[in-house]
Structure formats: structure tokens, C-alpha cells
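Only one structure is covered here, and it is reproduced in the block below.
Chain naming here is simple, since letters A, B, ... match the order of the sequence lines and numbering starts at 1 in each.
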Amino acid sequence: MKPSVPKGTRDFSAEEVGKRHFIFDTLRKVFVKYGYRPIETPTMEKLETLTGKYGEEGDQLLFKVLNNGDFLNKADKEALASLDSKKLTPSISKRGLRYDLTVPFARYVVQHQNDISFPFKRYQIQPVWRADRPQKGRYQEFYQCDVDVVGSTSLMYEAELVQIYDEAFANLGLEVEIKISNRKILTGIAEAAGIPDKMVEMTVAIDKLDKIGMDGVKTEMERKGIPTASIEKIENILENNTLDALKYALASSEAGLKGIEELETVFNYLSKGNAKNDIKFDITLARGLSYYTGFICEVASKQVKMGSLGGGGRYDDLTGMFGLKGVSGVGVSFGAARVYDVMNELNAFPSASEADLKVLLIAFDQATHDFAFEQLTQLRQAAINADLYPEPAKMKKQMKYANSRKVPYVVLIGSQEMESGQLSLKNMETGEQDSKTLKEIIDILK
RNA sequence: GUGGUUGUAGCUCAGUUGGUUAGAGCGCCGGAUUGUGGUUCCGGAGGUCGUGGGUUCGACCCCCAUCAUCCACCCCA
């Protein structure tokens, strides 16, 4: 059997992990500065916690964990006999892999409501699993990175999260555009167009605007049974998309006006800061069918053509599904894999990592190898990432190894060096070589 | 879940209408060079042709199934 990993999963090399850590470390520093604390939840949740939270499609994409022990004996015999997988599942599986970080977070908040104080601010960086069919940039196992605050309806947090986006991407060295809007404005448009019951269909269509264009959006709405007169009205509103123009267009809609007001409050907060990236109102922002109820946002790279690098919004009643009513939350998510891809394409990762090996020691016989081990220990005590070739092999072999590990320096230790204490320090890039004492070498490599 | 693509050496890929011993480049190992890598030259190792079945005198090649891969759709990150 050829060794391989399961469908939709991947190995990560040391280099890739290093880059990902750079991203996460950068994000963590920003989150902590804004007062967010990390939490972690289990890889597995009870299936009852997960099912029904992501719609019927989502339930199918849940990875289920087979019960331990004699699970067949306890299985639903009727479902088993009729080969009804869906009906059989609850009796043979009581756990599933985490599908996202939001639902476990909601469960966490409700479960620990007496131990946490609101507003509760947390961030969470963990892998999630989906039994989706893999595709470009889509895997069955991937990292999510969420920042949320629950237990407050203050629009200050909307602004704060936009600032976090701004600062985080600036620190990563990326230029982005942060697009913000409000679900209530979409509700307002649907009301103003006289199709409040078709709001979801309209939203899904508008969301695709930059992908399929205005004509495509119109055909899609037509197909979903939205009357031509309404479509024209919607198109009109979408094309006059300043907040001021919207105030007139949505004058008849209470929800629409509320959405505009909320957005203005957010912009007012933001005007007090000095954002490094563009922050724009984007009326076409819709964010799929998700549970967002107010503020919504999305981040796009200005340097590379790619889907969004992150998104989020406010959701009323996140914890309602677990029996805790009236707790509002707002949060954003960083698409770790896409941020990684963009940075890779732009060569935005710092070239040398602190985790890289600085120097490799090379010895020629057993005596110098033993001596070199002493020098190695001292280098490491001086906090220098150092390594020694494990045996006194041929020089060519050792040099080749140094090359393949991309070590910037090599220290050669033969009998001459051992006796004089003057070690040969070779710069692998320039090829230059000098005699130095260990102390001098430590100073150079520090 | 739907439709399509590809699967041959560690990697990237050739392989003729089905024909006898399946190739290249890169990488790897050894030597030229017993204290100098990244260049060059010479030599070598490495394959159940994804897996299982079928058709055939004969299958890397044709058929079926299965697994994996990549791509599009649905949906999503």
C-alpha cells in the first residue's frame, strides 16, 4: 500500500507551518491588544450540538464518529434492516467533528454563562472538518480563525472589529479593502421593491453581482420569481448606492432606515481612528444565507485577484439555539488559507524565520566530532539555532547536507581548528571563510 | 450530492493500431575530488504501470467497478 493521507487533507512541511505560524502570531498580537482572549473547544462535539445548525446541507457535511464498543448491538435494528443510513446514524454515532467555530462557541457561552462576564470577547484558532468534496482551495480539514464578542449590542464593536481587520492586514503587509454594509439595508431594499417575502432570493442574487454582473443578477432574480417591476426598482437602488441616496429610496422602510443609521454610527466610530486600508460601504455585500442580522463585512485583497480574505457580521440570538435568549454577538473570521496564498503570491513572508537553523558544525574524525559537540552545546546555550552532523562523514556529504538545509553558516572543525581554537567559519552564500574563536562566532551569529 | 479530468520511478511527465526486455529530465547514491556545498563529467540504484475484475494467444493501452486527484456546479472558507 502506498502511504497517503485521506481525501481532502494534507501534510504541511516545516516551511509551510512556519509561514502559517507567522500569520497566526501576527493576528494573535492584534487580538490580544484589543482585549480578546483565546479559547479552545474539543475536536469532537456531541452530534446533537452540531446537527440542525447548518441546514440540511450542513448536516450531510458533518463528519460523524462511530461509537466505540459493540455499537451494532445497540443500533436501531429497524433502520439497519431497511438499510436507512440517515435513520441509523443517531443510534451508532453520538459524536461529530467540529464543523465551524461559531456553533461550539455558542455552546461554550451558554454552558459557561455563569463563569464568564459579558461582553465576552474571545478569539479561536483551530481546525474544522467538512465532508465536502475537495476542490481548489477547499479541503475537508482547514483552519478557521474567529474573533467574536457576545453580550453587547453596542456598535462600537462593529467598528472595533473593522479596526482589527485593518491593523491585522497592515501588520501582515497586505493592502486590502474592507467592505461593510448592513443586512437591514437589504431588508429595506426588498421592502421598497415590494417583495419582502423574496428577500433571501434577492440577497443570494445580489451577492453574485461581481461574479455574474448586473444582467446575471437580473436573470437570476427573474428565475426566482421576482416581478420585473421590482427588479427594475432594485437595479435602480443598487446603482445609486450612496448612503444619502438610500435614505430617500428606503424612506418607506423602517428596517432600511435603521440599517443606514447603524452604518452611519459605525462610520462615525471609525472616523475617530486612522485606518491604513480603505473602508467602504458596499451595498452588494450579502454574505450568503447565514444568520447575520445587522452589520456585515468582508475583506478583499487589493493586490491579488482572489475571493474574500475574511468576513463576518452581527448575529442576534446566537445562543438562542442552546436556550440562552437575547444574547447578541458580532464577529469576524480570517480565511487563513487564502491569506496564506495571497502572501505567498506576493512574497510577503519574511525571508528568514527565527525558527531557521543558523549554523551547522562539521567535523572530520571522531576526536573532532566529540570536540565539535562541546562547541555545539555552547552555541545552543547562547541561544543560537545550531546543529552538528551526527557522524564524521566525508566533507562533501556534510556540505551537501548543509546546503540542502539552507544553513547560512557552516563551522569546519578539523584537528588544526581543535588544537588552535581558531574555528573555520564559512559563509555559505558568499563562500567566504575566516578563522574565528567560538566566542567571535557567537557574536557574529547572534 | 451532480458533471468532467487525470492516475506510469521520490518528483514532473513520455510511452505508436494491443505485441516480446516500460523510457526521459530532475532528485537520490557512488566515483572523478581522503579538508570544502550550490557548476561539470562518469557510473549506479529505483516500477506489482492506483487497486480489483473482465475481454484477448497477448493489456500501461480496450471494457466494468473501485479508490485517489484536479476542475466546474451546488454550497461554502
Kindly write out the residues that satisfy side-chain contact (heavy atoms from CB on, under 4.5 Å) with A:Pro42, not counting sequence neighbours, or none if the list is empty.
-> A:Glu45, A:Arg107
Using a 4.5 Å cut-off on heavy atoms from C-beta on, say whether the side chain of A:Ile231 contacts that of A:Glu222.
-> yes
Name all residues meeting the side-chain contact (heavy atoms from CB on, under 4.5 Å) criterion together with A:Met214; count only those two or more places apart in sequence or in a different chain, and write none if there are none.
-> A:Leu209, A:Lys218, A:Glu235, A:Leu238, A:Glu239
Rounded off to whole Å, could you give me the CG-to-C1' distance for the A:Leu61 and B:rA77 pair?
-> 12 Å
Quick one, give me the B/S/- string for nucleotides 29-37 of chain B, reading 5' to 3', where B means a protein heavy atom under 4.0 Å from the base and S means that only happens at the primed atoms, P, OP1 or OP2.
-> -SSB--BBB
Considering only the C1' atoms, how many Å lie between B:rA24 and B:rG15, rounded to the nearest integer?
-> 11 Å
Can you give the dot-bracket line for RNA chain B, where a pair is Watson-Crick or G-U wobble with both atom distances under 3.5 Å, crossing pairs use [ ], and | marks a partner on another strand?
-> ((((.((..((((.....[...)))).(((((.......))))).....(((((..]....))))))).))))....
Mind checking salt bridge (Lys or Arg N to Asp or Glu O under 4.0 Å) for A:Glu374 and listing every partner two or more places apart, or none if nothing turns up?
-> none
A:Gln124 CD to B:rA77 P, in whole Å, measures 15 Å
Using the C1' atom in both, what is the distance from B:rC71 to B:rA14, to the nearest Å?
-> 24 Å
Identify, with sequence neighbours excluded, every residue that meets side-chain contact (heavy atoms from CB on, under 4.5 Å) alongside A:Pro134.
-> A:Lys7, A:Gln140
Distance between C1' atoms of B:rU2 and B:rC74 (Å, rounded) | 8 Å
Quick one: does A:Arg130 reach the base of B:rC75 with a side-chain donor-acceptor pair under 3.5 Å?
-> no
Could you state the CG-P distance from A:Asp59 to B:rG1, rounded to the nearest angstrom?
-> 15 Å
What integer distance in Å separates A:Asp132:CG from B:rC71:P?
-> 13 Å
A:Arg138 CZ to B:rA77 C1': how many Å, rounded?
-> 8 Å
Which residues share a ring pair (Phe, Tyr, Trp, His ring centres under 6.0 Å) with A:Phe334, sequence neighbours left out = A:Phe31, A:Tyr165, A:Phe169
All side-chain contact (heavy atoms from CB on, under 4.5 Å) counterparts of A:Asn403, not counting sequence neighbours = A:Met428
For the residue pair A:Phe24 and A:Tyr143, categorise the inter-ring angle as parallel (less than 30°), tilted (30 to 60°) or perpendicular (more than 60°).
-> tilted
Using the C1' atom as the reference point in each nucleotide, state the distance between B:rC76 and B:rU6 in Å, no decimals.
-> 25 Å
Shorter than 3.5 Å, N or O on both sides, protein versus nucleotides 67-70 of chain B: list them out with atom names.
| unit_1 | atom_1 | unit_2 | atom_2 | d |
| --- | --- | --- | --- | --- |
| B:rU69 | OP1 | A:Gly8 | N | 3.3 |

Quick one: salt bridge (Lys or Arg N to Asp or Glu O under 4.0 Å) partners of A:Lys184, sequence neighbours excluded?
-> A:Glu262
Nearest-Å distance once atom C1' is located in both B:rU40 and B:rA45 = 22 Å
Spacing of A:Tyr99 atom OH relative to B:rC76 atom P, expressed in whole Å | 8 Å
P-based separation of B:rG37 from B:rG30 [nearest Å] = 14 Å
Do the ring planes of A:Phe105 and A:Tyr108 sit parallel (below 30°), tilted (30 to 60°) or perpendicular (above 60°)?
-> parallel
Contacts under 3.5 angstrom, residues 437-444 of chain A side chains, donor-acceptor by atom type, not counting sequence neighbours:
| unit_1 | atom_1 | unit_2 | atom_2 | d |
| --- | --- | --- | --- | --- |
| A:Thr437 | OG1 | A:Glu440 | N | 3.2 |
| A:Thr437 | OG1 | A:Glu440 | OE1 | 3.4 |
| A:Glu440 | OE1 | A:Thr437 | N | 2.8 |

Listed by chain and number, what are the ring pair (Phe, Tyr, Trp, His ring centres under 6.0 Å) partners of A:Phe364, not counting sequence neighbours?
-> none
Could you tell me the separation between the CD atom of A:Glu298 and the P atom of B:rC76, rounded to a whole number of Å?
-> 12 Å
Considering only the C1' atoms, how many Å lie between B:rG53 and B:rU16, rounded to the nearest integer?
-> 28 Å
For B:rC57 versus B:rG47, give the span between their C1' atoms, rounded off to a whole number of Å.
-> 26 Å
Return the value, rounded to whole Å, for the distance between atom OH of A:Tyr292 and atom C1' of B:rC76.
-> 12 Å
